[in-house]
Amino acid sequence: MLPVRYPVIQAPMLGVTTPAMVAAIANGGGLGSLPVGGLSPQKTAELIRLTREKTSRPFAVNLFTHAVNAPVDQAQLDAMQAFLKPVHEKLGIPFEHKSVADFSFYHYRDQLEVLLMEKVEIISFTFGILEPDVVELLKSRGCKLIGTATSVREAIMLDLLGVDAIVAQGFEAGGHRGSFLTDEALPQVGLMALLPQIAAAVSVPVIAAGGLYNDQTIKAAFTLGAAGVQLGSIFLACDESAASEVYKEAVISSGDTSTALTKAFSGRWARGIRNGFMEQMEQSGLEIPYYTYQNSLTSAMRTYGQQHNLRDYISLWAGQSAAHARRGKAGEIFLSLIEKLNF
C-alpha cells in the first residue's frame with residue numbers, strides 16, 4: 001500500500017506535529033505525516049527540509065483542500081470581532097478590527113510547486129478533494145495520494161478521483177473533521193460502523209482513524225477491513241509534540257466524555273476538550289464565520305494562550321480516547337505498539 005515497513009500512520013496535527021515527531025515515526029518504520037495546511041510555500045519548504053534533516057525515510061505531507069475564500073458577510077465578521085475584542089483586552093493583547101478585504105489565505109495550489117520541487121512521495125489531504133488536473137499532475141510525478149472521508153459517499157468520491165488510499169475518519173477522532181460534502185448533515189458515524197462500510201464500497205486500501213490507541217483497538221480495525229491505521233491523540237503528550245504543558249496535562253487527565261465538537265476556535269467542526277472559550281462562544285449565540293476567517297480571528301488569542309499555558313484560550317484538539325496519550329519519546333511510543341502487534 002505505502003512504502004513503509006508497518007501500516008501505522010501518525011496523524012498530521014497542525015500546531016502539534018513537529019518535524020521531529022514525523023521523523024521519529026518514519027525512522028521507526030511507520031508513516032510520519034507532516035501537516036502544512038494553510039501555510040505559505042516558504043514555510044512548507046522549510047518544514048519539509050527540517051524533516052528530511054532528521055530522516056531519510058518516506059513521510060507524508062498533508063494538505064488542506066477546502067475553499068479558502070468562501071463568501072462571508074461583513075456584519076457577521078463585525079459581530080464576531082465585537083465579541084473577541086474584550087477577550088483580547090482581558091488578555092492584554094492587541095486587537096485590530098478587519099474588513100473582509102483585509103484577509104488573505106494560502107490555497108493548497110500555492111504549495112504544489114514546493115511539493116514537486118521537494119519530490120514529496122506521499123501526499124495526504126483533508127477538508128475536500130483535489131482537482132482532477134492536480135491529481136493527474138501529482139500522479140505523473142509518482143506521488144501516492146491519500147484522501148480523507150467521514151462518510152461512505154465521501155469515500156466513493158475519493159475512490160472515483162483516483163486516490164491510492166482513503167482514511168476513514170470516525171466520529172471519535174480528535175481535531176478537525178475531514179468532512180467536505182455540504183449538501184448533507186455533518187457525518188457523525190463512529191469508526192467501527194464507518195470502516196467496514198467504506199471498505200466494502202471502495203476499491204482502494206482503507207486506513208482507519210479515530211479512537212485507536214493500543215494493540216486491541218488496532219487489531220479490531222484490521223478485523224473490520226482496515227489495511228492500515230492512523231493514530232493522533234496518543235502522540236499529543238510526547239516529547240516531540242509542540243503542545244503546551246497545560247494542553248498535554250488536559251489531554252492526559254481527560255475522560256471519555258471530556259471532548260465535544262465545536263466551531264468556536266476555527267469556524268470548522270473539530271473535536272476538542274471543553275474549555276472556557278468554547279462555553280463562552282456557545283452562550284453567545286453568534287453565527288461563526290467560515291473556517292479561514294474565524295481561524296484567523298482567533299489566531300492571536302490561541303497563540304497567547306499556548307505561550308502562557310492558559311487552558312481556556314487554547315484549542316485543545318483531542319479524540320475520545322485521548323486519555324491514553326503517552327509521555328515519552330514518539331519513537332518509543334510507536335515501537336511499543338509495534339511490538340504488541342507482531343507484524
Side-chain angles (χ1 to χ4, degrees), residues 11-22 34-40 43 46-47 50 77 80-98 102-103 105 174-176 232-255 258-284 286 288-289 291-319 322-323 325-330:
M13 300 174 286
L14 191 65
V16 170
T17 301
T18 61
M21 183 191 295
V22 176
L34 180 70
V36 299
L39 301 182
S40 69
K43 186 64 176 179
E46 176 188 341
L47 291 172
L50 283 172
L77 285 179
M80 182 56 64
Q81 290 181 96
F83 173 82
L84 291 172
K85 184 177 180 180
V87 176
H88 282 66
E89 292 174 345
K90 178 180 178 180
L91 296 174
I93 54 179
F95 183 85
E96 181 182 357
H97 190 279
K98 293 183 177 181
D102 294 327
F103 292 84
F105 309 106
H176 286 97
S233 293
I234 193 173
F235 298 112
L236 284 172
C238 74
D239 295 350
E240 294 87 347
S241 168
S244 63
E245 184 57 29
V246 72
Y247 186 171
K248 293 181 179 181
E249 286 293 338
V251 168
I252 290 173
S253 63
S254 66
S258 296
T259 65
L261 287 183
T262 183
K263 285 186 175 182
F265 288 98
S266 70
R268 183 178 180 89
W269 287 115
R271 180 173 296 283
I273 298 169
R274 293 184 182 86
N275 64 6
F277 185 75
M278 286 170 60
E279 294 174 1
Q280 291 176 45
M281 186 60 71
E282 289 173 6
Q283 294 169 5
S284 74
L286 290 172
I288 300 175
Y291 168 63
T292 44
Y293 296 92
Q294 181 71 359
N295 199 52
S296 177
L297 288 174
T298 64
S299 176
M301 177 192 73
R302 289 181 285 114
T303 299
Y304 186 88
Q306 178 86 348
Q307 293 172 343
H308 294 82
N309 276 313
L310 301 177
R311 171 174 171 156
D312 282 331
Y313 300 99
I314 304 170
S315 47
L316 302 168
W317 303 144
R326 301 256 302 275
R327 296 278 190 177
K329 295 185 180 301

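Remark: side-chain polar atoms of Gln81 are paired, donor with acceptor, to backbone N or O of Lys98 under 3.5 angstrom. With hydrogens and angles ignored, the 3.5 Å screen pairs a side-chain donor or acceptor of Ser241 with a backbone N or O of Leu236. The backbone N or O of Arg268 lies less than 3.5 Å from a partner atom in the side chain of Ser266, making a donor-acceptor pair. Of the possible polar contacts, one joining the Ser254 side chain to the Val251 backbone as a donor-acceptor pair under 3.5 Å is found. Put simply, the side chain of Gln306 gets close to the backbone of Ala242: a donor and an acceptor are under 3.5 Å apart. Side-chain atoms of Thr298 come within 3.5 Å of backbone atoms of Phe265 as a donor-acceptor pair (strictly under, hydrogens ignored). For Glu240 (side chain) and Lys329 (main-chain N/O), no donor-acceptor pair under 3.5 Å exists by modelled atom type.
Counting heavy atoms from C-beta on, the side chains of Met281 and Thr262 never come closer than 4.5 Å. Looking only at side-chain heavy atoms (C-beta outward), Tyr293 and Met80 stay at 4.5 Å or farther from each other. In this structure, Asn295 and Arg302 have side chains that are in contact, with non-hydrogen atoms separated by less than 4.5 Å. Proximity of Gln280 to Phe83: side-chain heavy atoms (C-beta onward) are separated by under 4.5 Å at one or more points. Side-chain contact between Tyr313 and Leu91 is present, with at least one heavy-atom pair separated by less than 4.5 Å. Within the 4.5 Å cutoff, no side-chain heavy atoms of Trp317 are placed close to those of Val16.
With respect to Lys263 and Glu282, no salt bridge is recorded, no charged nitrogen being found less than 4.0 Å from a carboxylate O. Taking the charged nitrogens against the carboxylate oxygens, Glu245 and Lys248 have no contact shorter than 4.0 Å, which rules out a salt bridge.
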For side-chain contact (heavy atoms from CB on, under 4.5 Å), just list the numbers for Ile252 and Arg327, CA-CA rounded to whole Å, side-chain angles, deciding distance to a tenth of an Å, and then say yes or no. CA-CA 9 Å; Ile252 290 173; Arg327 296 278 190 177; 3.3 Å; yes

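Residue Ala264 comes nearest to Gln294 through the heavy atom pair O-NE2, 2.9 Å, listed as atom of the first residue, atom of the second, then distance.
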